[in-house]
Amino acid sequence: MADTFFGFDTALDNGDHLLPPDEDDCVENEEEEYDALNDETFGGLEDSSVLDDWEQQHEQYAEFAESNKHSEQIENSISLLMLDEPVNEPTNLSKNSIWSYTPPNKNGDIFNSSIISSLHKASKSFIETRSDSNRVSEAHKNFTQSTPLPSIPISPIQHVPKQIRTVEELEKNLIKNSKQQPVQKPAVPFPHPMFQHPLQNPRLPPGLPPLGIPPPVRHMPLPHHPIPPGLVHMLQPHFMHQGGPPRHLLYPPGNAQFPVTHPYNFPPPPPRNIIPPNTNHMNRNNMPQRTRNDSYKHKENHETKDEYAGLMTNREKQWLLNIQMLQLNTGTPYFDDYYYTVFKERKAKNNKENFPNERNHRYQNNRQQRNNDRQDNNNTLTPRVYTPLQFENSLGKLQCGSVTAPRKIIDMDIVTPDKDADSPVVVRDTRKTKQLLLELEALFSLLLKAEDLRNPLAISNMDKLREIKQKQRLRELDLAPTPEQKQEVLKLLKQDSEPIVENPLDYIVKIVNALLHEDKFSSFLNIRKGKMLLLRLLPHLASENFVGQLLDVWTRILLSIPIVGRRDTTGDHILPKFHPFFKRYIQTCTMGDILDIVTGLVEVIRQENSRSTPLSHQGKAPLYFVLLNKFGVSALVTMLIRTEYLISSETATEKQQNDWSNFLVSWAELTGVVSKVATPLEPIPKQIFVKHINRFENLINDKKSNLEKHFVDTN
Amino acid sequence: MNNTVMELEGTAHLLDELDKKLMVLLRDGRTLIGYLRSVDQFANLVLHRTIERIHVGKEYGDIPRGVFIVRGENVVLLGEIDADKEAELPLTEVSVDEILDAQRQEQELKQEQQKLVAKALKERGLHLMPDLTHDDMF
């Protein structure tokens, strides 16, 4: 270390007690003690050849350039080897990879051991695998015939390391192993492969230097220069045939401006922009010459698109799908994903019916089931409730999140509003329909609950839900700080543990009562949903519990036909679906029941307020409208058949028979009056009709013929 | 291991739209047209060779934008572009400057109308909040 620095004392004490030296003194000192051309500034002169012998250096570079031709073969082989690796590891830039960046050493040695060793391996395997080394010899031949290579400026190398000789050895081995077969390929002009790719690759693989990594350089004096452009050209079509990625290899290696691309980089677009014919709008700005013919362009289009296509590998797609499937996994799909679950159930049922053999199992195993196999689910998988990590004495919550464990930003609880506060019900005509719909909705949900009590899928899901709740309560129990809270949680746990036993019957009763209550029946039936509700409800009413109510229900249905019938005939066509149920019911009816039904139909409702009865309905009995409706006439027919049976089995009294015959008269009369009598779903069999009619003398001919015409089976 | 990607049933995914030319409508009202290259679980999109298309009346203008990464929550909808129909658009293409001008004019017109409406409402004692942006509509 210098004792002085520009004349100042470099001792550690500040020297404040000393006078600062004069300016003149400084300069003097500087000149005396500081050698401007010292070794520190300009570097050591240990290797004088480096500095002085520029001529020698130039020769070296020239050799270098020439040797690069033959080493391209090595390069190609290496790239081919790299291509054999799995494609879905595009960023495999391990240290040992030949393409990893190695910073130049102090003495400019770029070819460190890692590259050399990998080259070793590569070339060895190349020797083993490549059998078409006839190219080697042919290319070798061609080279000797070609014109001497122009010198190309290359990156400066201070000196050639000894290891480079290994390449020469390799090359010698290659040639030794090659078979000397003459090939009739014309000599290829040199410049062709070199300048074919004036590549300016903007996308550099990570870690590569802007300068190219020149492949290993041959040692200086080399008697022959094998592999030349000819080989390069030969390999090219091979790559073109492969059609894609490997094109980057053929860049002139010695050129400092050409960055060597990573083999997995998607190659840059070809120098001439290819415009797909459809995106003329998009690429108008950068539209170069369209000199190619269409077929070539099309091929290039296809290739251009393919080059960018597949950026998402299958693995990544699978990963994404797995995430989505994961998010769909709940323990209770019947509740969370009702429509999909039911759809799957129905499909499975259909398949079982259609293909009752083992084939189903195979198909099922191929599809990944959304909630896994249910058996697996029960045993191993339970929905994992993630409680984010909480740190003591910290002010905030965890910041990092993941797909399965999102971070909790806001603490939000669902607060259910007070159920006691009911808004005053304002019944107005405009709101009536909405009100009805709401009520129907409520009744429907009751019905669905009742049905679920007997549905195995729903039952299993319910059990599962209970399990989940229990586990949650247990977790809460652990977290509960005070004993009181613990008690509360325990209480809740007990509540949740008890399986709720419910009787669907209770629900059904509720529904029926609600339906029959308050004269809303007809209004319900006026809405499609009401009819569907009734249709779905009727099977549940088949038991003995509802006998009395059933009569009421059917009476009201028939009585509502004047209001409901027209809409149903023109639109919904749901009423005829009631017929099987009605038939079944009627089989259980007594004469009295039937008479109850029919007397209601004949009564003409005279009401003072014209608002409820439209003009067309004034003065007409419900029977009038019943005759216009398909379901109505089918019901009448059914009743007639039943009555005939009852009378013939002598369970009907005189009075009842009289009443019935009166009804028949009204029926027959109206049939003549009504404009368009509907056709029953099942006409009266002729014998039954004849038998029945003959019981009653008051049915004179024209009435009889009326009835016969419309309702009797004429076969 | 089968090479094909497993089918997803009963739910939707964007994987079938990969490498297709799509039109994406963003929440701020922009329309982007580009090739969908990649998606993720949040429906973030990577659009390639994207152009932003501005429509004003019967005219439109394209601004080339390159590669876009769109955050999933900002997408209103996306749809595949029919190549044939794209070639025969009933609209006329104009230059970028023209369309930007037209857009500005349209915006000014809207603002003026809004001002009038706000004024009229004020006179009747109602206060209109004109701060609703296009985004707030969704």
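Just so you know, these numbers use all the heavy atoms, side chains as well, and skip hydrogens, waters and symmetry mates. Labels below follow one simple rule: chain letters A, B, ... track the order of the sequence lines, proteins then strands, and each chain is numbered from 1.
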Is [Y] close to [X] at the side-chain level, that is, under 4.5 Å between some pair of heavy atoms?
X	Y	answer
A:K317	B:L18	yes
B:H13	A:L320	no
A:M312	B:L15	yes

Query raised in the report: CD1/A:I323 to CD/B:Q41 distance, rounded to the nearest 0.5 angstrom?
Result: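 If we round to the nearest 0.5 Å, A:I323:CD1 and B:Q41:CD are 4.0 Å apart.
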Query raised in the report: Got a second to check how far A:Y308's OH is from B:H48's NE2, nearest 0.5 Å?
Result: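 Going from OH on A:Y308 over to NE2 on B:H48, the span is 4.5 Å.
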Query - Part of B:V39 within contact of chain A (heavy atom distance under 4.5 Å) - result: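 Contact with chain A: backbone and side chain both.
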I'd like to know whether [atom1] of [X] has more than 12 heavy-atom contacts from other residues, nucleotides or ligands below 6.0 angstrom.
X	atom1	value
A:M462	CE	no
B:K20	NZ	yes
B:E73	CD	yes

Requested in this report: Specify the closest pair of heavy atoms between A:G310 and B:D19, including all atoms of both residues, with the distance to one decimal.
Outcome: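 Smallest heavy-atom distance, with atoms named: N-OD2, 3.2 Å.
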